[in-house]
Amino acid sequence: SIWTNKSIEVVRVKSTMSLDLADPSSSSLLFAGYRFVSVSLRLNGISWANTLAVDTHICELLLVPTSVAKVQIPAFRAAYREWRTHKRSRMNAARLIKGFGKLLVC
């Protein structure tokens, strides 16, 4: 098990598998139909990882429902990446506008 393995550190777990309407900050509200669980892992206390300087690297284990993986084609992945990029751009723009608004008030 990943959770009991002393050589692996679980850095982060992100899930879009449940829709939490009560939590407006829930990332699953903007899931765009792509359901997954992402587990970020790092090798911990392994001598060869230290020697190769990969002990600070974080890798992602992406768990996708079989029904989604079977129909997923490169065009779907490309469309999802494009949607995600635009979503992040809008979120970053909103943060900038909010930050500038605070500067103007002062």
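Predicted model only: the values in this text are computed from it and were never measured.
Listed by first and then second residue, the side chain to side chain donor-acceptor pair (under 3.5 Å) pairs involving residues 47-66 are Ser38-Glu60 (not counting sequence neighbours).
In terms of the side-chain contact (heavy atoms from CB on, under 4.5 Å) criterion, residue partners of Ile58 (sequence neighbours excluded) are, by chain and number, Val11, Ser40, Arg42. Considering only residues two or more places apart in sequence or on other chains, Leu41 meets the side-chain contact (heavy atoms from CB on, under 4.5 Å) condition with Ile2, Ile8, Val10, Val39, Cys59, Leu61.
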Decide yes or no on side chain to side chain contact (heavy atoms under 4.5 Å, CB included) for Ser7 and Ile46, but give the supporting numbers first.
CA-CA 6 Å; Ser7 301; Ile46 302 174; 3.7 Å; yes

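Atom NZ of residue Lys14 and atom CG of residue Leu62 lie 10.0 Å apart, to the nearest 0.5 angstrom.
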